[in-house]
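Working notes, beginning with the structure itself.
Throughout, protein chains are lettered first and strands after them, A, B, ... in sequence-line order, and every chain is numbered starting at 1.
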Protein chains: 2
Amino acid sequence: MTIKELAQELNMSTTTVSRVLTGQEKKYRISPKTALRVRDGARKHKFEPNQIARNLRLQETNTIGLIIPDISNPFFANLARTVEIELRRRDKMILLCDTKDETSLEKESLHLLLGRKVDGLLVAPVGKKYDHFIKDSKVPVVLIDRYFKDQTIPFVTTDNYQGAYSATKFLIQKGHQNITCIQGLGHTSVNENRILGYRKAMEDHKISNFIRISGAGYSIQNGYESTRELLQKRNRPTAIFALNNQIALGAMKAVKEAGLHIPGDVSLIAFDEQPYFELLSPALTAIQQPMQDIGKVAVETLFKLMTGETVKNQMLKPNFIERESVKSIES
Amino acid sequence: MTIKELAQELNMSTTTVSRVLTGQEKKYRISPKTALRVRDGARKHKFEPNQIARNLRLQETNTIGLIIPDISNPFFANLARTVEIELRRRDKMILLCDTKDETSLEKESLHLLLGRKVDGLLVAPVGKKYDHFIKDSKVPVVLIDRYFKDQTIPFVTTDNYQGAYSATKFLIQKGHQNITCIQGLGHTSVNENRILGYRKAMEDHKISNFIRISGAGYSIQNGYESTRELLQKRNRPTAIFALNNQIALGAMKAVKEAGLHIPGDVSLIAFDEQPYFELLSPALTAIQQPMQDIGKVAVETLFKLMTGETVKNQMLKPNFIERESVKSIES
DNA sequence: TATATTTGCACAATCGATTGTGCAAATTTT
DNA sequence: AAAATTTGCACAATCGATTGTGCAAATATA
């Protein structure tokens, strides 16, 4: 049923119906009696206004595009959940795009979402090339997790540098020197900052000669394969720093398959925290990101942007959780 | 830029521009020369047609609503990913709703999505009351995972009955009798069928006196609390059958905290498989659902529905993965 | 009673696309 | 050369809402 049909049914103009249903009765002096008739009629016929038509007319869709690299990665799944909750509270919906960490898909997603006239965009970008971001679309964008150093697009992320620094420092203080990092996607700010933190900690403790960075990709498989290679080396590291939860998982699997043990043969720290980490054997020492906060702050920032307020970038503090996956080495 | 502006720029009618850009030049006899001019102009001005306007006019949105109970549950996150991939291949996008397993939110989501005129709906329903599904909306719906026995809405799910039966049978054959089920949401088809399978296996082996069903909710917390209670009982079960991955996680946590061991003190089987299950201590014996297939088949089914084809319900076979969390009991 | 003001609602344009139909101009057929 | 076809494109309606403005009728004021 359309507003026109409803109006005919009630024997009045669409104007009046529309004004009542959008709560503008006072503003346009619709009499209480008429307003009541409209409401009753709408209820009776279960009239639901066509949002597409509203969107076209009002030039807003109440829809936010959410672009993330991998919804099956629990980090992003949790993020998506928080974002969903926050957006629903504000009467917005999510158009979801998963880029599989491929720039081409990200580009495509961006186009599709802009074509659909989303009111705002929340993006955890792949990060490689971002020409497609600069576009002249005036749609507000907030970057999540990953950002671009040389762009002014506002972002919300964890302080990855500090998280990585403290994790590395922790390893060093436990007596480790031969510490290898298994990285995610090399060109992402997240990865760069974690590497930077790792590097700085190594340098600060005069063991920069041990700096080694391995792998590529935020996947279980990368963690697995990189670790396999590492374990075969003559100069096998005494500790591995996995730059996200999936890599850590792959690393554990490889160690287990090699018949070795954590932390006996090799220590492990993971960036990211997951509920099952405490149940692994050994329980995984990890750097926890404030996922809820990231989602919440990102949505808040986006809304500020949409209402024209000025916003500032946010770097939220991570939390170090010590468990059992790091061995203390006597020197 | 709108099609009108582009048409003015090119000094021709919007009709012509539209027809060229939608590839109908031959059908409407637009001369090649004109077509070329249109394409060049569109490219030059980076014209992107307003999808909202198209949607209104064409009465289709190329958008599918995806309603799931919990995107942070890896089962649904994986499902979402498969669905995303399959839909993108077909040039559709996802409007995502997370119901938190609350009927009220499900109802709201349904309304919102119908108001936005989605072309189809993929729903893993909460399951409690489904009046809101029967509505006269002619939008094609396919149920995923959970379905309604007394409704004709097509569904795609795992054969939960069989999965639960074989898991229970496995426990029994390992010598267990005192087997307790920790369930999810009691009113969901998924839960009912798993319970049914469990029950039947117990009955078939003449130990229906041991049938016990505990808990409520597909959450880590439910698994945790239910298990804590179970462990304190005098007649503590020798085996626990956790009806999803989150419950299993909570159960493991409770067992660990109680200072007990799996499978030494109590055996555990989980419905659902997760990548980290093999890395837990002990590695978790589990029933694996064909998640990829579920998503794929669900999308296929929805598209058949949308094109008016007849569809049939699908029950996909689960896969039993034996690991180390079940102890063999000598009798 | 005549005029001014307020009340209550409807007309018609608009958002940006798509499309049935009509009508000249160009071309072909007789 | 006249008639019939074909070619190439534009007019205007349409999708379903929202909204600036206008205009009677009702009421208040002079």
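- Distance, A:Ile30 CD1 to C:dT6 P: 18 Å, rounded to whole Å.
- Annotation for B:Lys296: atom NZ does not count as buried by contact number, only 12 or fewer foreign heavy atoms lying within 6.0 Å.
- Of the listed nucleotides (C:dC9, D:dT18, D:dG16), D:dG16 has the atom at the smallest distance from the side chain of A:Leu56.
- Comparing A:Ser31 and B:Ile3 by the nucleotide of DNA chain C whose heavy atom lies nearest to each, the residue mapping closer to the 5' end is A:Ser31.
- The number of heavy atoms from other shown groups lying within 6.0 Å of CD (A:Gln292) does not exceed 12.
- Rounded to a whole Å, the CD atom of B:Glu5 is 14 Å from the P atom of C:dT14.
- Rounded to an integer number of Å, the gap from A:Lys33 NZ to C:dG8 P is 10 Å.
- Across all non-hydrogen atoms, the minimal contact from A:Ile71 to A:Ala80 is CD1-CB, 3.8 Å.
- The backbone N or O of B:Val126 sits nowhere less than 3.5 Å from a side-chain atom of B:Asp101 that would complete a donor-acceptor pair.
- Look at NZ on A:Lys4: it is 9 Å from P on D:dG16, rounded to the nearest Å.
- Phosphate proximity of C:dT14 to A:Gln59: absent, as no side-chain N or O sits under 4.0 Å from OP1 or OP2.
- In the model, A:Thr61 has no side-chain atom that pairs as donor or acceptor with a side-chain atom of B:Arg116 under 3.5 Å.
- Not a single donor-acceptor pair under 3.5 Å links the side chain of B:Glu86 to the backbone N or O of B:Val83.
- Summarising the geometry, the separation between CD on A:Gln8 and P on C:dA10 is reported as 12 Å, rounded to the nearest angstrom.
- In terms of heavy-atom proximity, B:Leu185 sits nearest to B:Asn191 at O-CB, 3.1 Å.
- Distance alone, capped at 3.5 Å, places no donor-acceptor pair between the B:Asp119 side chain and the B:Ile64 backbone.
- Atom CG in A:Leu10 sits about 14 Å away from atom C1' in C:dC9, given to the nearest Å.
- Summary of helix geometry: the two end axes of the helix from C:dT1-D:dA30 to C:dT30-D:dA1, each defined by five base pairs via their C1' atoms, are inclined to each other by 60° (rounded to 10°).
- At whole-Å resolution of the value, CE in A:Met12 and P in C:dG8 are 13 Å apart.
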Protein-to-nucleotide contact annotation, 5' to 3' order, nucleotides 19-27 of chain C [B base; S sugar-phosphate only; - none; under 4.0 Å, heavy atom]: BBB------
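- Taking only side-chain nitrogens and oxygens, A:Thr2 never comes nearer than 4.0 Å to OP1 or OP2 of D:dG16.
- Protein atom CZ of B:Arg54 is 10 Å distant from nucleotide atom P of C:dA17, rounded to whole Å.
- For A:Tyr28 and A:Thr15, the side-chain atoms include no donor-acceptor pair closer than 3.5 Å.
- With the nearest nucleotide of DNA chain D identified for both B:Ser13 and B:Ala53, B:Ser13 has the one nearer the 5' end.
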